[in-house]
Amino acid sequence: MIKASIGLIALLLVLSGCANKPTEQGSASPSALTQTEGAATSPAASTPASETPEQASSAGFVFEANGISIPMHAEAAPILKQLGKPQSYFESQACAFPGLNKIYQYSSFDVYAYEKDGVDYIASVILFDDTVATKEGVTMFNKKSDVIKAYGDKFTNNLNLYVYDQGKSQLRFVIENDQVTSIEYLAKI
C-alpha cells in the first residue's frame, strides 16, 4: 500500500510538469527551476545523441543500481539491457515533448525514458523504498537533515519539494513531517 502511494505521488510529480503552475523559490537557493512551461522540445535538445553514460554523468546526478550507472539524458537501451527485464512496462503520449513516455518498473525504482529521433534516453528515475539509495546514501524515510548533510543547503523549495540542480539534471526530494517520502532523479529540459 505504501509503495503504491509513493508510486502515485512520484507519477504525479513527473506529470506535474504538464500543468501550468508558477514555481515558488525557497529562501535557501539563489536560482529557480529551469524548466520552461509548455516546452515543446526534448529534454536532450542540447545533448548530443552520441553521448555515452560516462559523458552524461559528468553533466549531472547519476543513480546507481547494482553497479549500473543511470545518468539523465543517457541513451536508454544499453542501460535497460544491463538492468534486465523490468517487472512491468508502460508507455503514454508525452506532454512536455514530442513522442512517448516509457516507464520501466523494477522492484525498488522506475526508469522513465523519452524518445528523440527514434532513440530512447533516460528522463528520470524514481525510487520507491529504502532498499535503494542515492550515491550519497540518502534513502526513503531519512530525515530532512540527512538530505541537507549529504547535498547541502543550495536547494529550491516549493512546498514539500526540495530540488537540487546539477548540470543537466535535478535531484528531487519530497519531505513530509521531516521524512523523505519520494526521491526522483530528473533530466532538465
Side-chain angles (χ1 to χ4, degrees), residues 1-17 42-44 47-142 146-147 150-151 164 166-174 180-189:
M1 181 69 169
I2 291 175
K3 189 173 182 179
S5 297
I6 292 170
L8 179 59
I9 290 169
L11 181 60
L12 291 173
L13 284 172
V14 169
L15 296 177
S16 68
S42 165
T47 303
S50 61
E51 191 168 84
T52 65
E54 292 78 20
Q55 290 168 322
S57 68
S58 68
F61 291 107
V62 178
F63 174 63
E64 196 168 294
N66 300 319
I68 302 164
S69 293
I70 308 174
M72 301 304 99
H73 296 295
E75 190 171 328
I79 294 168
L80 295 170
K81 184 177 180 179
Q82 290 179 30
L83 289 172
K85 185 177 179 181
Q87 291 179 337
S88 66
Y89 171 80
F90 176 78
E91 64 183 41
S92 65
Q93 187 61 43
C95 60
F97 51 87
L100 297 174
N101 285 321
K102 298 176 181 182
I103 305 167
Y104 302 84
Q105 185 174 31
Y106 295 90
S107 63
S108 298
F109 61 92
D110 282 357
V111 175
Y112 286 69
Y114 64 90
E115 183 181 350
K116 178 185 176 196
D117 300 327
V119 178
D120 292 339
Y121 297 92
I122 303 296
S124 68
V125 176
I126 300 173
L127 312 187
F128 290 121
D129 60 39
D130 60 358
T131 64
V132 290
T134 67
K135 281 187 170 184
E136 290 75 13
V138 176
T139 66
M140 296 289 290
F141 315 116
N142 277 156
D146 297 326
V147 173
Y151 294 99
Y164 291 88
Q166 182 178 335
K168 299 175 187 175
S169 68
Q170 294 180 334
L171 183 53
R172 298 171 164 219
F173 298 91
V174 174
V180 175
T181 58
S182 177
I183 301 173
E184 177 185 14
Y185 291 80
L186 182 68
K188 284 201 280 189
I189 295 176

Within this structure, what is the [atom1]-[atom2] distance for the pair [X] and [Y], rounded to the nearest 0.5 Å?
| X | Y | atom1 | atom2 | answer |
| --- | --- | --- | --- | --- |
| E184 | I126 | CD | CD1 | 4.5 Å |
| S92 | L100 | OG | CG | 7.5 Å |
| H73 | L186 | NE2 | CG | 8.0 Å |
| S69 | K135 | OG | NZ | 5.0 Å |
| M72 | Q166 | CE | CD | 11.5 Å |
| I183 | L171 | CD1 | CG | 7.5 Å |

In chain order, what residues pass the side-chain contact (heavy atoms from CB on, under 4.5 Å) check against [X], with sequence neighbours excluded?
| X | result |
| --- | --- |
| D110 | I103, Q105, Y112, F128 |
| A76 | L80, A113, D120, I122 |
| Q82 | I68 |

Side chains of [X] and [Y]: closer than 4.5 Å at any heavy-atom pair?
| X | Y | result |
| --- | --- | --- |
| V147 | Y164 | yes |
| I79 | P71 | yes |
| I70 | L83 | yes |

Q. Can any side-chain N or O of K188 pair as donor or acceptor with the backbone N or O of Q170 at less than 3.5 Å?
A. no
Q) Under 3.5 Å, side chain of S182 to main-chain N/O of V174, donor-acceptor pair present? A) no
Q. Taking only residues two or more places apart in sequence, or in another chain, which ones meet Y104 in a side chain to side chain donor-acceptor pair (under 3.5 Å)?
A. none
**Q.** Sequence-distant partners of Y185, ring pair (Phe, Tyr, Trp, His ring centres under 6.0 Å), two or more places apart
**A.** F63
Q: For residues Y106 and G84, report the shortest heavy-atom separation together with the two atoms involved.
A: OH-O, 3.1 Å
Q: For N142 and T139, work out which heavy atoms get closest and say how close.
A: OD1-N, 2.7 Å
Q: Would you mind listing every salt bridge (charged side-chain N to carboxylate O under 4.0 Å, His left out) that reaches into residues 78-101, with sequence neighbours excluded?
A: none
(Q) Taking the ring of Y151 and the ring of F173, is the distance between their centroids below 6.0 Å? (A) yes
